[in-house]
Amino acid sequence: MQAVCNELCGMLDPGREPYQPKKKRANVIMFVGLQVCRSFFLSVVVVLRSTVGAGKTTTCTKYAHMYKRKGFKCALVCADTFRAGAFDQLKQNCTKAKIPFYGSYTETDPAQIAAEGVGKFREEAYEIIIVDTSGRHMQEAALVLGQRPAHSHAL
């Protein structure tokens, strides 16, 4: 039994320490669907592998709330322009959790929304900035191109 447990733990170990956000600096985190992201404005990329409707947007809010409870200044950016109601869902979740958010009902370019939101919250000295994307369509190509992030983790 112990051998099975050790083998499973070894399979899940990425071989490096987990990402730890730093206080008093912007830690930009992007949640995506099935794409592997690289972006010039990211500190870390969190890749959620799940089916449609599994709760990725809700998880973004829960992740921000967890760091808020740990004393970080958190904000969320809704760059999911694919799913109708994504911004409304994020807005409702953030309002309940008392977490600032950014998004747009009219802008259709997720890269533009992400850049504006990250820029806004960086200027306001937020420490954890989470970008929620759909990760489903080629329109997000601008989000996934650029420099390699400092860390990348799959959940």
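Source: prediction; values computed, not measured. Below, all heavy atoms of this structure are taken into account, side chains as well, without hydrogens, waters or symmetry copies.
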Query - Flag if over 12 foreign heavy atoms under 6.0 Å of NZ, Lys62 - result: no
Report task. Decide side-chain contact (heavy atoms from CB on, under 4.5 Å) for Cys60 and Leu76; before the verdict, give the C-alpha distance in whole Å, the side-chain angles of both, and the deciding distance to 0.1 Å. Result -> CA-CA 8 Å; Cys60 286; Leu76 280 131; 3.7 Å; yes
Query raised in the report: Does one side chain, of Thr57 or Asp132, offer a donor that lies under 3.5 Å from an acceptor on the other?
Result: yes
**Report entry** Side-chain donor-acceptor contact under 3.5 Å, Thr61 with Gln89
**Finding:** no
Report task. Indicate yes or no: at least one non-hydrogen side-chain atom of Cys74 is less than 4.5 angstrom from one of Tyr126. Result -> no
Query raised in the report: What do the steps show when you test Val131 against Val28 for side-chain contact (heavy atoms from CB on, under 4.5 Å), and what is the final call?
Result: CA-CA 7 Å; Val131 181; Val28 182; 4.2 Å; yes
Requested in this report: Can you measure from CZ (Arg83) to OG1 (Thr133) and round to the nearest 0.5 angstrom?
Outcome: 11.0 Å
Query raised in the report: Which atom pair, heavy atoms only, marks the closest approach of Lys68 to Ala97?
Result: NZ-O, 2.9 Å
Query raised in the report: Of all heavy-atom pairs between Ala79 and Pro110, which one has the smallest distance, and what is that distance?
Result: O-CB, 3.1 Å
Report summary line: When rounded to the nearest 0.5 Å, the distance separating CG of Leu90 from CG of Asp80 is 9.5 Å
Report task. Take Val77 and Phe121 through the side-chain contact (heavy atoms from CB on, under 4.5 Å) test and state the conclusion after the steps. Result -> CA-CA 9 Å; Val77 177; Phe121 291 126; 3.9 Å; yes
Query raised in the report: Residues in side chain to side chain contact (heavy atoms under 4.5 Å, CB included) with Lys120, at least two apart?
Result: Tyr102, Glu124
Requested in this report: Look up atom CD in Gln112 and atom OG1 in Thr81, then write down how far apart they are to the nearest 0.5 Å.
Outcome: 12.0 Å
Query raised in the report: What distance separates Thr59 OG1 from Ile130 CD1, expressed to the nearest 0.5 Å?
Result: 10.5 Å
Report summary line: Residues at least two apart in sequence or cross-chain that pass ring-ring contact (aromatic ring centres under 6.0 Å, His included) with Tyr67, listed by chain then number, are Tyr63, Phe72
Query - Test item: Ile128 and Pro21 side chains (from C-beta on) under 4.5 Å apart, heavy atoms - result: yes
Requested in this report: Please list all pairs passing the side-chain hydrogen bond (donor to acceptor under 3.5 Å, both in side chains) test where one or both residues lie in residues 90-99, with sequence neighbours left out.
Outcome: Lys91-Tyr105
**Report entry** Euclidean distance, Glu127 CD relative to Lys24 NZ, rounded to 0.5 Å
**Finding:** 8.5 Å
